[in-house]
Amino acid sequence: MEWDARMSTPGSPVCEPDWLALREPADAGARAADLASLVAARLEPPLVVRDLGCGSGSMGRWLAPRLPRPHRWYLHDRDPRLLAIAAGSVPGEPVEGELAELTDLAGTSLVTCSALLDLLTGEEVHRLAGLCVDAGAAALFTLSVTGGARLDPAEPLDADLAAAFDAHQRRVVDGRRLLGPDAGAVAAEAFRALGAEVTVRPSPWRLGPAHPELTEEWLRGWIAAACAQEPALAREAGPYLRRRLAGLRSGELRGEVGHVDLLALPA
């Protein structure tokens with residue numbers, strides 16, 4: 001299909017290295033740097049940092065220079081290819097495995113992740129919050145999607161695609177209902193219920209001519225996921241994509257994809 005994503009499948013735990021490299025500058029520009037400053041001011045070195053779902057290491061490359069030294073990193077991911085890439089640029093110990101295998105965070109100063117929470121269930125997020133609080137570890141969770149992507153100039157099909165995409169991110173996979181756009185709010189509620197001090201900041205992607213390749217890849221993935229959820233949208237998807245790509249090439253198209261960053265500090 002002409003709108004299929006080339007490097008990514010939205011809502012999938014499998015990420016291609018090229019997609020992660022493409023999105024890294026936009027991720028870095030979107031994250032709430034003030035939350036990194038807040039957690040850095042509260043932590044006493046030496047630090048032990050666990051980066052969950054580390055991918056190719058973009059979170060470590062962004063966060064490590066902002067933390068007091070010395071610090072020791074553990075890079076957690078299910079994909080050995082991505083772990084090898086991450087370990088090549090973020091000094092740390094790679095830990096291959098599923099998040100469900102993480103049962104104890106004793107001795108950890110900070111738990112962090114990027115674009116991970118929306119791939120989890122409510123139960124998994126509550127469990128992760130409990131592990132952090134039990135260990136007295138701070139948590140900095142960035143770039144959880146919030147839904148309702150917006151494009152400018154607007155088109156009538158935008159709202160239907162956005163609603164279908166958000167529903168796709170909340171779908172059931174192997175008996176697990178993903179949180180999708182609800183993840184940030186669920187995580188904040190989970191930490192607050194356990195007595196943590198929670199701060200939330202918006203961290204939207206800004207798409208358009210400044211990130212043309214990322215914008216095109218996101219558009220293709222956004223449309224593909226929406227059509228997978230609502231097949232009736234497929235009839236208009238091809239012409240819609242062509243119009244949007246023409247707007248991108250002319251410098252007219254702008255987009256905003258909502259995300260949220262969360263910092264939870266021990267009480």
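Because only heavy atoms are used, hydrogens play no part in the values below, and waters and symmetry mates are left out as well, while side chains stay in. Quick caveat, the model's predicted, so the values are computed rather than measured.
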Student: Could you tell me whether a side-chain N or O of His211 sits under 3.5 Å from a main-chain N or O of Pro209, the two making a donor and an acceptor?
Tutor: no
Student: Which heavy atom of Cys132 sits nearest a heavy atom of Ala139, and at what distance?
Tutor: SG-CB, 4.2 Å
Student: Would you check if the side chain of Ser109 reaches a backbone N or O of Val48 as a donor-acceptor pair within less than 3.5 Å?
Tutor: yes
Student: Charged N to carboxylate O under 4.0 angstrom, Arg192 versus Glu197?
Tutor: no
Student: Just to verify, what does Leu131 make a side chain to side chain contact (heavy atoms under 4.5 Å, CB included) with, not counting sequence neighbours?
Tutor: Leu105, Arg127
Student: So, Asp51 side chain and Leu75 main chain: donor-acceptor pair closer than 3.5 Å or not?
Tutor: no
Student: Give a yes or no on whether the backbone of Leu82 and the side-chain of Ser56 come within a donor-acceptor separation of less than 3.5 Å.
Tutor: no
Student: Would you name the heavy atoms of Pro181 and Gly147 that are closest together and state the gap between them?
Tutor: CB-N, 3.7 Å
Student: Taking NZ, NE, NH1 and NH2 as the nitrogens, is one of them in Arg81 or Asp79 under 4.0 Å from a carboxylate oxygen of the other?
Tutor: yes
Student: Could you pull out all residues at least two apart from Asp158 that satisfy side chain to side chain contact (heavy atoms under 4.5 Å, CB included)?
Tutor: Leu151, Ala154, Glu155, Tyr240, Arg244
Student: Take Asp160 and Glu230 through the side chain to side chain contact (heavy atoms under 4.5 Å, CB included) test and state the conclusion after the steps.
Tutor: CA-CA 9 Å; Asp160 291 340; Glu230 296 290 346; over 6 Å; no
Student: Could you measure the distance from the CG atom of Leu102 to the CG atom of Leu128? Nearest 0.5 Å is fine.
Tutor: 7.5 Å
Student: Quick one: do Phe191 and Leu140 end up in the same hydrophobic cluster if we chain Ile, Leu, Val, Met, Phe, Trp and Tyr together by side-chain heavy atoms under 4.5 Å apart?
Tutor: no
Student: Once you measure the plane-to-plane angle for His76 and Tyr74, does it fall in the parallel (<30°), tilted (30-60°) or perpendicular (>60°) bin?
Tutor: tilted
Student: Among pairs that include at least one residue of residues 54-71, which meet salt bridge (charged side-chain N to carboxylate O under 4.0 Å, His left out), considering only residues two or more places apart or in two chains?
Tutor: Glu24-Arg61
Student: Around atom CD of Glu256, are there more than 12 heavy atoms from other residues, nucleotides or ligands closer than 6.0 Å?
Tutor: yes
Student: Could you go through the side chain to side chain contact (heavy atoms under 4.5 Å, CB included) check for Leu117 and Leu119 one step at a time?
Tutor: CA-CA 5 Å; Leu117 296 187; Leu119 300 175; over 6 Å; no
Student: Taking it one step at a time, do Asp27 and Trp205 satisfy side chain to side chain contact (heavy atoms under 4.5 Å, CB included)?
Tutor: CA-CA 7 Å; Asp27 286 351; Trp205 268 1; 2.9 Å; yes
Student: Should we count CZ of Arg150 as having more than 12 external heavy atoms under 6.0 Å?
Tutor: no
Student: If you measure from the Lys or Arg side-chain nitrogens to the Asp or Glu carboxylate oxygens, is any gap between Arg31 and Asp261 under 4.0 Å?
Tutor: no
Student: Test side chain to side chain contact (heavy atoms under 4.5 Å, CB included) on Asp118 and Leu143 and set out the steps.
Tutor: CA-CA 9 Å; Asp118 38 277; Leu143 297 178; over 6 Å; no
Student: For the hydrophobic clusters of this structure (ILVMFWY residues joined by side-chain heavy atoms under 4.5 Å, transitively), does one cluster hold both Leu52 and Val186?
Tutor: yes
Student: Is it the case that atom CD in Glu123 sees more than 12 heavy atoms from other parts of the structure closer than 6.0 Å?
Tutor: no
Student: To the nearest 0.5 angstrom, please state how far the CD1 atom of Ile223 sits from the CG atom of Leu161.
Tutor: 6.0 Å
Student: Can you give me the closest heavy-atom contact between Trp218 and Ala149, atom names plus distance?
Tutor: CZ2-CB, 3.8 Å
Student: Is any NZ, NE, NH1 or NH2 atom of the basic residue among Glu93 and Arg72 found under 4.0 Å from an Asp or Glu carboxylate oxygen of the other?
Tutor: yes
Student: Please round to the nearest 0.5 Å and tell me the distance separating atom CG of Leu207 and atom CZ of Arg23.
Tutor: 10.5 Å
Student: State whether the side chain of Thr142 and the backbone N or O of Cys113 hold a donor-acceptor pair below 3.5 Å, judged by distance alone.
Tutor: yes
Student: Report yes or no: do Arg50 and Thr108 form a side-chain donor-acceptor pair below 3.5 Å?
Tutor: yes
